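Written below as structure tokens is the structure these notes are about.
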Number of protein chains: 2
Amino acid sequence: MQISSRFSVAVHVLSLLALPEQEGVPLTSERMAGSVNTNPVVIRRILGQLKKAGLVEVRPASGGTFLTRQPANITLLEVYRAVEVVEEGQLFSVHDKPNPACLVGRHIQSALDDTLQRAQTALEQVLAHTTLQQVTTDIAAKALIS
Amino acid sequence: MQISSRFSVAVHVLSLLALPEQEGVPLTSERMAGSVNTNPVVIRRILGQLKKAGLVEVRPASGGTFLTRQPANITLLEVYRAVEVVEEGQLFSVHDKPNPACLVGRHIQSALDDTLQRAQTALEQVLAHTTLQQVTTDIAAKALIS
DNA sequence: AGCAGTGTAACTACAGTTGTTACAACCCGG
DNA sequence: CCGGGTTGTAACAACTGTAGTTACACTGCT
Ligand code: FES
Ligand code: FES
């Protein structure tokens, strides 16, 4: 199973917030949806999760959404955690209730758990060391080249 | 979204094959299913994938399944690849068709792709450096302690 | 030939994702 | 203080992938 695209959409939205195109025009969920090419409600749902995680602040009425921190201080791991339903340490699902009468069944879970945890942590560490700023800088750089 | 439990079931099954309990009794899909606590067809499906990947050999009739290699030469990454539907480099799903008229939309995919690829590779490297033998050794060790 | 086991298709039930409609709550400008 | 644009959410549909189950043809040993 693939990891939900909510994560990439969230990064997309945060990039928009970090790169204010026109100062005058407010960045509403509808405009963001137009950029991501989806429905405004999908954006608002994700904004709700980002808000709960304290990454953005939303003005309920006349469309205003802002980052609460500098892009350099927002890691992709925070976004991942804010948006994923995957609970900490649950990326891999392990079949529950193996037969305790079996030697393998009795110990497979703890034997696997250590390795799976390390694998998951390795993935998260890469995200932890990438900031939103790196992403937006990359976007800006690519925009200049093309 | 969590990664399918097919992976952990596959490791479970391979562990059974690597630790032959009683030499006489053949290890049928039904016995394996009893150990994992699931349906024999689920086991056979997974065995089919492992067979296609060349990790096991199955005698169609009178129930005999064997590893084609030493447990020390089978990495968890091979099992993961054999069993996951996740295509190489597709662990994260990215929202397709972002708006090309938008600066962010035009470049977000390639800007994210590099990081996501590194994250995924980091996870896979941990699996690549763990062998089936390490798992079974761990199981045997835990069995002795308890 | 008989039989225990595998290979596979077909179906169900279920969970999570994504998109969509609908509407209440909210805030701001006039 | 009212109207209009916006957010917050609930509810629902369509879809996808997972896991379990039944059924049955096929296989190969004895
Ligand atoms: S319970 Fe998983 S092999 Fe025994
Ligand atoms: S922000 Fe994703 S397309 Fe512009």
Side-chain angles (χ1 to χ4, degrees), chain A residues 1-10 12-13 17 24-53 56-66 80 83-87 90-99, chain B residues 1-10 12-13 16-17 24-53 56-66 83-87 90-99:
Chain A
M1 240 357 189
Q2 287 183 293
I3 290 173
S4 161
S5 73
R6 259 174 296 159
F7 174 58
S8 66
V9 173
H12 191 136
V13 165
L17 294 172
V25 190
L27 208 42
T28 67
S29 64
E30 189 156 0
R31 288 222 310 131
M32 297 188 210
S35 283
V36 178
N37 189 25
T38 183
N39 192 287
V41 175
V42 173
I43 299 293
R44 293 207 284 268
R45 275 205 283 250
I46 290 174
L47 278 178
Q49 296 185 282
L50 295 176
K51 190 172 62 170
K52 202 185 301 177
V56 303
E57 187 189 332
V58 182
R59 302 273 168 77
S62 61
T65 307
F66 314 92
Y80 175 83
V83 145
E84 285 309 315
V85 184
V86 179
E87 295 302 318
Q90 303 272 19
L91 179 56
F92 292 89
S93 63
V94 180
H95 60 297
D96 52 344
K97 334 188 210 60
N99 190 337
Chain B
M1 242 353 191
Q2 286 183 293
I3 289 172
S4 160
S5 73
R6 257 174 296 159
F7 175 58
S8 67
V9 173
H12 191 136
V13 165
L16 281 175
L17 294 171
V25 191
L27 207 42
T28 67
S29 64
E30 188 156 2
R31 289 222 308 130
M32 297 189 209
S35 282
V36 178
N37 189 26
T38 182
N39 193 286
V41 175
V42 173
I43 299 293
R44 292 208 286 266
R45 274 205 284 251
I46 290 174
L47 278 178
Q49 297 185 281
L50 296 176
K51 190 173 60 171
K52 201 184 301 177
V56 303
E57 187 189 332
V58 182
R59 300 274 169 77
S62 61
T65 307
F66 314 92
V83 144
E84 285 308 314
V85 186
V86 178
E87 296 301 317
Q90 304 271 20
L91 179 56
F92 291 89
S93 63
V94 180
H95 61 297
D96 53 343
K97 333 189 211 60
N99 190 337

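The sequence lines fix the lettering, A, B, ..., with proteins before strands; numbering per chain opens at 1. Please read all numbers here as calculations on a predicted model, not as lab measurements.
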Checklist line | Value in whole Å for how far the P atom of dT16(D) lies from CG of Asp96(B) | finding: 13 Å
Note to self: Could you tell me how far apart Met1(A) (CE) and dT16(D) (P) are, to the nearest whole angstrom?
What the structure shows: 12 Å
Margin query: Tell me the interatomic distance from Glu57(B), atom CD, to dG28(D), atom P, rounded to whole angstroms.
Written below: 12 Å
Notebook entry, point to check: What orientation do His12(B) and His95(A) show, parallel under 30°, tilted 30 to 60°, or perpendicular over 60°?
Noted result: tilted
Next item on the list: Could you tell me which residues satisfy side chain to side chain contact (heavy atoms under 4.5 Å, CB included) with Val42(B), sequence neighbours excluded, listed by chain and number?
Entry: Thr38(B), Asn39(B), Arg45(B), Ile46(B)
For nucleotides 20-24 of chain C, which of its nitrogen or oxygen atoms have a protein nitrogen or oxygen under 3.5 Å away, and what is each distance?
from	atom 1	to	atom 2	distance (Å)
dT20(C)	O4	Arg45(A)	NH1	3.4

Notebook entry, point to check: Counting only heavy atoms not in Glu30(A), do more than 12 sit closer than 6.0 Å to its CD atom?
Noted result: no
Item checked: Residue met sooner reading DNA chain C from 5', once Ser93(B) and Val58(B) are mapped to nucleotides -> Val58(B)
Notebook entry, point to check: Taking only N and O in the side chain of Thr28(B), is any of them less than 4.0 Å away from OP1 or OP2 of dA4(C)?
Noted result: no
Note to self: Nearest whole Å is fine: how far is dT18(D) C1' from Gln2(A) CD?
What the structure shows: 15 Å
Next item on the list: Rounded to the nearest angstrom, tell me the gap between atom CE in Met32(A) and atom P in dG8(D).
Entry: 10 Å
Note to self: What contact category does Lys51(A) fall into here, base, sugar-phosphate, or nothing, at under 4.0 angstrom with non-hydrogen atoms?
What the structure shows: sugar-phosphate
Note to self: So Lys51(B) and Thr65(B), do their side chains get closer than 4.5 Å, heavy atoms only?
What the structure shows: no
Margin query: Working to the nearest 0.5 angstrom, can you tell me the gap between Leu16(B) CG and Ile43(B) CD1?
Written below: 8.5 Å
Check: Given atom CD1 of Ile43(B) and atom C1' of dG5(C), what is their separation to the nearest angstrom?
Finding: 14 Å
Check: Separation of Phe66(A) atom CZ from dT6(D) atom C1', in whole Å?
Finding: 13 Å
Next item on the list: Sequence neighbours left out, what passes side-chain hydrogen bond (donor to acceptor under 3.5 Å, both in side chains) with Ser5(A)? Give chain and number order.
Entry: none
Check: Quick one: Leu47(B) CG to dG7(C) C1', roughly how many Å, whole number?
Finding: 11 Å
Note to self: Return the CG to CG distance between Asp96(A) and Asn37(B), rounded to the nearest 0.5 Å.
What the structure shows: 8.0 Å
Margin query: Below the 4.0 Å mark, does dT18(C) have OP1 or OP2 next to a side-chain nitrogen or oxygen of Ser5(A)?
Written below: yes
